[in-house]
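Have a look at the structure below, then the notes.
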There are 2 protein chains.
Amino acid sequence: MNDTKKSGRRGRPRGFNPDEGVALAQRLFHARGYDAVGVAELTSALGINPPSFYAAFGSKADLFSLALDRYAIHSAVPLDDLLSPEQPVAAGLARVLEEAARRYAADPATAGCLVLESVGCHDETARAAAQVFHRAALERLRAFIANRHPDKAEQVTDFIGAVMAGLSARARDGLELDRLLAAARLGAAAIAEELST
Amino acid sequence: MNDTKKSGRRGRPRGFNPDEGVALAQRLFHARGYDAVGVAELTSALGINPPSFYAAFGSKADLFSLALDRYAIHSAVPLDDLLSPEQPVAAGLARVLEEAARRYAADPATAGCLVLESVGCHDETARAAAQVFHRAALERLRAFIANRHPDKAEQVTDFIGAVMAGLSARARDGLELDRLLAAARLGAAAIAEELST
DNA sequence: GGTATTGTGTAGTGAATGATACAAAAAAAT
DNA sequence: ATTTTTTTGTATCATTCACTACACAATACC
């Protein structure tokens, strides 16, 4: 019954693994959105009762924040890897868009981007947490562009931000990978053209 | 007290105007989303009680459907006007994107597109109603493109659908008109380039 | 006036929400 | 063995949700 082998701590051991709870929460929140996933569903999926849930995670919003952290590490578009400076700016942004399309359409059960689909949720705390990641990603893109195209950084960032949000929305609509990829490449072509002039 | 001058009908006259109710519902649903607007808020904003609400509109989802109809007539991007066949395809699509940016950013209180922001709502009935309008709009665009560029209709439709969804999302984020317009024009440039080859 | 018809106001329905009080259970420390 | 600490299960809490039962009010028809 005891999953956590970390002994030495006093008191009754946990009957479940909190890290698995975060992973499960990430999947559920991504699949159906923060607002639509209830504490009752999370607890029953984990096989625990509400008091265990709140003792381990604090609140539904706190767990969402942990799920966002985990998403950023494991599932989000890895901007830091893709935006290496030894490549043309347009090439880096094209890689970002292509990778976004691939990830957004990878699993139909969790289509789109967890962050982009959460910045409009109705819970103020959860929305604010998602907006932190969203703003950080946009700033990371802007800085990458501004390094070599400072005069076009704002416009191109606005555009790629819109395209990524659109790719996420269309992925949630069920658009398949090849069509999403084609749209991403059209967006990349627009950026390449803009940055070449 | 009687706002509806349509007499001749028996029974106690209505103390409010249902058309104004639809207009108000359109604004509220657009401003905060179907899920976040409660019947209590709608009734109190109209100065009526729940029984009057349900007698006039049937249900919250039925009222949303009426609000969508009104939105399509008064506030949505007028595809039929913009996509006249006596212009290059790329020019028509550019007009659509520019008009979308203008409308999505016109009123900060109702930023974005009511339809695009409603296709992901959690109520199944309301979501289905929004998806009808969404699919109709995409099909209208696809047909316009396919008329002269049948081999590129799917790809370009997917792209402009994603860009419009992205413009709506960024508008809800608070992006101002000029920046939204610049992003729209970059998307239009990508379409023009794609259709010219 | 009398009756049928239609809308309104009061008050409340059951279901679902996120979150808890409380005591028993299970471990370590003494 | 007793105490201390931590987690667990039962049984809720208060609030909000969309929605309605019911009697009264206000009009048209006869």
Side-chain angles (χ1 to χ4, degrees), chain A residues 1-21 25 28-29 32-67 121-129, chain B residues 1-21 24-25 28-29 32-67 118 121-129:
Chain A
M1 187 66 78
N2 186 343
D3 289 347
T4 65
K5 302 304 175 191
K6 269 285 183 56
S7 272
R9 292 167 45 207
R10 302 186 17 162
R12 178 170 174 171
R14 275 217 177 85
F16 71 103
N17 185 338
D19 290 338
E20 291 176 10
L28 285 176
F29 285 139
R32 310 223 315 283
Y34 178 83
D35 298 306
V37 177
V39 173
E41 181 176 3
L42 290 163
T43 54
S44 85
L46 278 169
I48 64 177
N49 292 305
S52 299
F53 176 89
Y54 285 98
F57 304 116
S59 72
K60 180 184 162 186
D62 288 343
L63 174 57
F64 180 69
S65 197
L66 295 175
C121 85
H122 300 122
D123 181 273
E124 201 172 306
T125 309
R127 185 174 62 240
Chain B
M1 188 67 75
N2 185 345
D3 289 346
T4 64
K5 303 305 174 190
K6 269 286 182 55
S7 272
R9 293 168 46 207
R10 309 195 355 171
R12 178 173 174 170
R14 275 218 178 84
F16 70 104
N17 186 338
D19 290 337
E20 292 177 8
L24 177 95
L28 285 177
F29 286 138
R32 309 223 315 283
Y34 178 84
D35 298 305
V37 177
V39 173
E41 181 176 4
L42 290 162
T43 54
S44 85
L46 278 168
I48 64 178
N49 293 303
S52 299
F53 176 90
Y54 285 98
F57 304 117
S59 72
K60 179 185 163 185
D62 288 342
L63 174 57
F64 180 68
S65 196
L66 296 174
S118 299
C121 85
H122 301 122
D123 182 273
E124 199 172 307
T125 309
R127 186 174 61 240

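Below, chains carry the letters A, B, ... as their sequence lines are ordered, and counting in each starts from 1. These numbers come from the heavy atoms of this one structure, side chains and all, not from hydrogens, waters or symmetry mates. Just so it is clear, the model here is predicted, and its values are computed rather than measured.
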Problem set entry | Partner set under side chain to side chain donor-acceptor pair (under 3.5 Å) for A:Ser59, not counting sequence neighbours |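 For A:Ser59, the residues satisfying side chain to side chain donor-acceptor pair (under 3.5 Å) (neighbours in sequence not counted) are A:Asp62.
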
Whole-Å gap separating [atom2] ([N]) and [atom1] ([X]):
X: A:Ile48; N: D:dG9; atom1: CD1; atom2: P; answer: 9 Å
X: B:Leu28; N: D:dA18; atom1: CG; atom2: P; answer: 13 Å
X: A:Phe57; N: D:dT8; atom1: CZ; atom2: P; answer: 10 Å
X: B:Tyr54; N: C:dG9; atom1: OH; atom2: P; answer: 16 Å
X: B:Phe16; N: C:dG9; atom1: CZ; atom2: C1'; answer: 13 Å
X: B:Asp35; N: D:dA18; atom1: CG; atom2: P; answer: 9 Å
X: A:His122; N: C:dG18; atom1: NE2; atom2: C1'; answer: 17 Å
X: A:Phe53; N: C:dT17; atom1: CZ; atom2: P; answer: 13 Å

Heavy-atom donor-acceptor pair, [X] side chain to [Y] backbone, under 3.5 Å:
X: B:Lys60; Y: B:Ala126; value: no
X: A:Asp35; Y: A:Cys121; value: no
X: B:Asn17; Y: B:Asp19; value: yes

Go through [options] for me and flag the one nearest to the [X] side chain.
X: A:Arg10; options: C:dA29, C:dT10, D:dA18; answer: C:dA29
X: B:Arg14; options: C:dG7, D:dA26, D:dT8; answer: C:dG7
X: A:Lys60; options: C:dG18, C:dA21, C:dT8; answer: C:dG18
X: B:Pro50; options: C:dA19, C:dA27, C:dA11; answer: C:dA11

Problem set entry | C:dT8 base / B:Arg12 side chain donor-acceptor hit below 3.5 Å |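 Side chain to base: no pair below 3.5 Å.
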
Exercise. Mapping B:Gly11 and B:Ser52 to their closest nucleotides on DNA chain C, which lands nearer the 5' end?
Worked result: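 Checking each residue's closest nucleotide, the 5'-ward one belongs to B:Gly11.
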
Problem set entry | side chain to side chain donor-acceptor pair (under 3.5 Å) contacts in which one or both residues fall within residues 36-46 of chain B, not counting sequence neighbours |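 Side chain to side chain donor-acceptor pair (under 3.5 Å) check on residues 36-46 of chain B returns B:Arg32-B:Glu41.
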
Exercise. Does D:dT7 have OP1 or OP2 sitting under 4.0 Å from an N or O in the side chain of A:Arg9?
Worked result: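 Checking D:dT7 against A:Arg9, a side-chain N or O does come within under 4.0 Å of OP1 or OP2.
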
For this session: Could you tell me which non-hydrogen atom of B:Asp123 sits nearest to which non-hydrogen atom of B:Tyr34, and how far apart they are?
Result: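 Scanning both residues completely, I find the closest heavy atoms to be CB-CE2, 3.3 Å.
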
Exercise. Could you give the angle between the helix axes at the two ends of the helix from C:dG1-D:dC30 to C:dT30-D:dA1, with five pairs per end, rounded to 10 degrees?
Worked result: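 Roughly 10°, once rounded to the nearest ten degrees.
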
For this session: Flag the pair B:Phe29 / B:Leu42 as yes when at least one side-chain heavy-atom distance between them is below 4.5 Å, and no otherwise.
Result: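 They are in side-chain contact.
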
